[in-house]
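Side-chain atoms are counted along with the backbone in the values below, which use heavy atoms only and exclude waters and symmetry mates.
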2 protein chains.
Amino acid sequence: MRYPKEHKDQTRRRVLEVAAARFRKDGLDGVGVATLMGEAGLTHGGFYSHFPSKEALIEEVFASGMDASTLRPESAWDAEGIESFIERYLREAHREHPEKGCPAAALGSEIHRHSKGARAAFARKLEETVTKISGLLAEPDEDRARAIFSLLVGSMQLARAVPDRAESRRLLDAGKAAALALAKGK
Amino acid sequence: MRYPKEHKDQTRRRVLEVAAARFRKDGLDGVGVATLMGEAGLTHGGFYSHFPSKEALIEEVFASGMDASTLRPESAWDAEGIESFIERYLREAHREHPEKGCPAAALGSEIHRHSKGARAAFARKLEETVTKISGLLAEPDEDRARAIFSLLVGSMQLARAVPDRAESRRLLDAGKAAALALAKGK
DNA sequence: ATTATCTATAGATCTATAGATAATGC
DNA sequence: ATTATCTATAGATCTATAGATAATGC
């Protein structure tokens, strides 16, 4: 259609955005190419002129597609310190909206089944997160940061899995208290 | 076929066992009824005389199908104390064998998308685990136990997701140190 | 004339159902 | 005669491909 110069780039970005949300909401296996393209306002046939395969899309989503989300850990870096970071991560708004939230919490147990490219892209983002958490500590400690992030991811997943609201809250609160203890920790 | 009295029960148990392993290895969406039945030595058509649906099988697997696995947290209860429990959970053998390991680590981010029955069954097992971990602490504390378990689950998932072995080890070790700190922690 | 997108389709796979088959207890 | 399992199939859905269509820059 010889559309305006950057038309295809815009479409591509739109597909990435839709995929980033739907993958976190429904799982990497839980949503198909046709659904993603449909939500981007297109038909499924055009997908393969943008990406060579669904797995390639997954790799790109891990590499860059989930950066803009308002609930990602990174979006909390403007937090004043580690305390408010932890509180932002473990709040109920995050629990209710995996599609806008942390990729590790939304997809943690699925990632290891995917391509090395996808896992490497995830690992790069994880290291960024670890570095940033470390920087929020009184004295930087990347291993401490790894543990704090693991605790946040685990707490959020269990809080989402459990159907009872009271128990879900308890998991969030227990995670919060322990993460704070680790952050200040001796 | 009027097989020996308990033939059908045995088959049913076999299907549950196969499902418990394959679900943890490939994900709840990653393996189909035909594959499970095939691995149990049967054809797919007979599945529905044992379970009304795949989701019903998932519920049963969460309720009881994963109890016998050698790497489940519960299998480490003969551990002398909290330290050896933590070390057993976060060892590399567990990382390499999700199919025999902790259901929360293997399926954590998928559970919330399934039936209330499946989630409730998972929650019951989680509460058992929390109680048992609490009992291993110097003074029982269920919220502390929730946080410790969340940390173990998160650490294991991230260690599995990351492709680099050195980084994976670091995640396990960092989780171990922090879990021990939480366990002893003031 | 170019090319982003669409239409149509192939070939796998998935959950689920209906009715046939076959093996053993009566 | 009973019934656990098998065969065959329906109807969805999935990834991927090939070639047609249509909208705009030249």
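Atoms CG (B:Leu57) and C1' (C:dC14) sit 15 Å apart, rounded to a whole Å. To the nearest angstrom, C1' of D:dT15 lies 12 Å from CD of A:Glu55. Per the geometry, CG belonging to A:Asp29 stands 16 Å off C1' belonging to C:dT15, to the nearest Å. If you measure from atom CZ of B:Arg14 to atom P of D:dA4, you get 14 Å, rounded to the nearest angstrom. The separation between A:Phe51 atom CZ and D:dC14 atom P is 18 Å, rounded to whole Å.
Under the side-chain hydrogen bond (donor to acceptor under 3.5 Å, both in side chains) criterion, B:Glu17 pairs with no residue at all, not counting sequence neighbours. Listed by chain and residue number, B:Thr131 satisfy the side-chain hydrogen bond (donor to acceptor under 3.5 Å, both in side chains) test with B:Glu142 (two or more places apart in sequence, or in another chain). Among residues two or more places apart in sequence or in another chain, the side-chain contact (heavy atoms from CB on, under 4.5 Å) test is passed with A:Ala121 by A:Phe62, A:Ala63, A:Arg124. B:Lys176 is linked by a salt bridge (charged side-chain N to carboxylate O under 4.0 Å, His left out) to B:Asp173, counting only residues two or more places apart in sequence or in another chain. Residues meeting the salt bridge (charged side-chain N to carboxylate O under 4.0 Å, His left out) test with A:Glu167, sequence neighbours left out: A:Arg170, B:Arg146. Listed by chain and number, the residues in a salt bridge (charged side-chain N to carboxylate O under 4.0 Å, His left out) with B:Arg95 are B:Glu92 (sequence neighbours excluded).
Within the structure, a side-chain polar atom (N or O) of A:Thr11 is placed less than 4.0 Å from OP1 or OP2 of C:dT5. An OP1 or OP2 oxygen of D:dA4 is reached within less than 4.0 angstrom by no side-chain nitrogen or oxygen of B:His50. Applying the 4.0 Å criterion to OP1 and OP2 of D:dT15, one finds that A:Ser53 has every side-chain N and O outside that range.
Stem analysis of DNA chain C (at least three stacked-register Watson-Crick or G-U pairs, each with both distances under 3.5 Å) gives C:1-24 with D:1-24.
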Walk me through whether B:Leu28 and B:Val61 qualify under side-chain contact (heavy atoms from CB on, under 4.5 Å). CA-CA 11 Å; B:Leu28 300 170; B:Val61 165; over 6 Å; no
Derivation of the side-chain contact (heavy atoms from CB on, under 4.5 Å) call for A:Ile58 and A:Phe51: CA-CA 10 Å; A:Ile58 289 173; A:Phe51 305 95; over 6 Å; no
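For residues 29-51 of chain A, the pairs satisfying side chain to side chain donor-acceptor pair (under 3.5 Å) are A:Arg22-A:Glu39, with sequence neighbours left out.
Near-neighbour residues of DNA chain C inside residues 32-48 of chain A, defined by a heavy atom below 4.0 Å, number-ordered: A:Leu42, A:Thr43, A:His44, A:Gly45, A:Gly46.
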